[in-house]
Visitor: 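First, the structure itself, so that you have it in front of you.
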Amino acid sequence: MKAAVYYRANEPLSLEELELLEPQRNEVTVRIEAAGVCHSDLHFIDGLLPHPTPAVLGHEGAGVVETVGEGVTYVQPGDHVILSFIPSCGQCPYCIAGRPNLCTVGNRAAVRGTLLDGTTRLRKGEQEIYHMTCTSCFAERSVVPESSLVRIRDDMPLDRAALIGCGVMTGVGAVINTAKVQAGSVVAVIGCGGVGLNVVQGASLSGAVKIIAVDVSDFKLELAQQFGATHTVNAATDPDVVGAIRQLSPGGADYAFEVIGRPEAMRQAYDATRRGGMAIVVGLAPAGAEVSIPAASFLQEKVLTGSSYGGARPRIDMPKLIDLYLAGKLKLDELISRRYPLDGINDAFQALREGEVARSVIQFQVEG
Ligand SMILES: [Zn+2]
Ligand SMILES: [Zn+2]
């Protein structure tokens with residue numbers, strides 16, 4: 001099968017033929033139909049975060065089940081699925097407590113670049129190729145743990161379903177699951193890329209009365225307005241982001257989301273939050289980055305928290321997002337700026353790097 005292989009930071013992905021081994025116990029082979037091009041993949045490609053190499057990246061995908069390994073009961077061949085990039089074991093304390101986005105089992109596999117049993121299914125000749133987050137969807141097929149799959153309605157287009165696998169779940173979930181934004185609130189969103197637009201959209205779904213979108217790109221700020229932003233701040237021309245948010249929302253925002261992964265922006269989100277409000281960090285920071293806040297501000301009783309994968313319980317939340325889309329209440333079509341074949345993946349990353357797109361989708365050949 002054809003796959004895009006990551007060998008080294010700051011080099012293009014290499015398009016190659018790989019061998020995909022059979023699924024083992026509790027594993028499933030999925031034919032990938034669409035994969036989103038996300039900033040988290042770019043973090044690895046640009047060397048901001050370490051990853052075992054060589055590896056097939058890609059963590060925002062959807063496809064059709066082809067074959068199932070021994071013991072698989074949740075899906076059968078022909079089922080349409082979204083890949084969840086945090087597999088949940090169902091047995092650790094986090095999974096049992098209903099917080100599978102914090103499952104430690106998947107995390108260990110993700111760090112090692114393997115599947116859950118510590119081994120890999122990708123080969124180039126004799127060479128072992130690593131997986132990313134047990135998903136590796138920049139390839140025509142992927143072997144994934146059964147626990148990484150979310151079965152979805154057949155009438156949901158798979159290119160838009162793919163986006164739910166990371167960007168939409170992470171953004172909308174941060175608002176609905178993590179922050180639990182109350183109707184009538186004022187929400188600020190710093191960073192309006194693929195995830196940030198979904199924070200804006202989540203705030204709109206939650207009934208926020210004022211949604212202040214901040215970005216350095218007028219293109220993204222215009223998109224943010226389509227997704228429900230009531231006010232925009234271009235941080236390129238108006239660098240006093242905190243002042244601008246506080247001017248629109250005297251006393252500060254009820255909730256401020258950071259959706260970039262930069263310590264300065266995290267601090268801005270905290271400073272833009274009112275007393276007793278909540279600042280939520282959604283962005284993935286480079287390894288080693290630190291953020292500081294004024295210690296005296298603790299008495300303002302602000303809550304500063306992170307949100308991982310939108311606090312998702314994937315098999316509950318993702319089908320709901322699909323229902324919202326098919327009911328015309330969730331925007332997905334507008335998220336897709338461009339579509340590329342797998343061969344065009346390096347162009348897709350370059351466009352993302354240059355801030356030209358919200359989301360690009362790699363679209364695979366549809367067979368059979
Ligand atoms: Zn992502
Ligand atoms: Zn678990």
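What you see below is based on every heavy atom in this structure, not just the backbone, and it leaves out hydrogens, waters and symmetry mates. Atoms within each ligand, like the ligands themselves, are counted from 1 in listed order.
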Visitor: Restricting to side-chain hydrogen bond (donor to acceptor under 3.5 Å, both in side chains), what partner residues turn up for Asp323, sequence neighbours left out?
Guide: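 Residues passing side-chain hydrogen bond (donor to acceptor under 3.5 Å, both in side chains) with Asp323: Arg153.
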Visitor: Are Val181 and Val259 connected into the same hydrophobic cluster when the rule is that any two of I, L, V, M, F, W, Y join if their side-chain heavy atoms are below 4.5 Å apart?
Guide: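 Val259 clusters together with Val181.
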Visitor: Consider only side-chain heavy atoms of I, L, V, M, F, W and Y, link residues closer than 4.5 Å, and tell whether Phe44 and Leu18 are in one cluster.
Guide: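 Yes, Phe44 and Leu18 fall within the same hydrophobic cluster.
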Visitor: Please identify which of these residues, Val281, Val187, Ile190, meets the side chain to side chain contact (heavy atoms under 4.5 Å, CB included) condition with Phe257.
Guide: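 Going through the options one by one, the only one that passes is Val187.
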Visitor: May I ask you to list the protein N, O or S atoms found at less than 2.8 Å from the Zn ion (ligand 1)?
Guide: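 Under 2.8 Å from the Zn ion (ligand 1) - ignoring waters, which are not counted - the protein N, O or S atoms are Cys38 SG, His59 NE2, Cys166 SG.
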Visitor: How wide is the angle at the Zn ion (ligand 2) between SG in Cys95 and SG in Cys103, to the nearest 10°?
Guide: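 For SG of Cys95 and SG of Cys103, the angle centred on the Zn ion (ligand 2) reads 110°.
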Visitor: Quick one: angle Cys89 SG - the Zn ion (ligand 2) - Cys92 SG, to the nearest 10°?
Guide: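 SG of Cys89, the Zn ion (ligand 2) and SG of Cys92 span an angle of about 110°.
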Visitor: Tell me whether the NZ or CZ atom of Arg274 lies within the 45° cone about the ring axis of Tyr255 and under 6.0 Å from its centre.
Guide: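 No cation-pi geometry.
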Visitor: Can Leu115 be reached from Val5 by stepping across I, L, V, M, F, W or Y side chains whose heavy atoms are under 4.5 Å apart?
Guide: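 Cluster IDs for Val5 and Leu115 match.
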Visitor: Distance under 6.0 Å and angle within 45° of the ring axis: does Arg151 meet both against Tyr74?
Guide: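 Checked: cation-pi criterion met.
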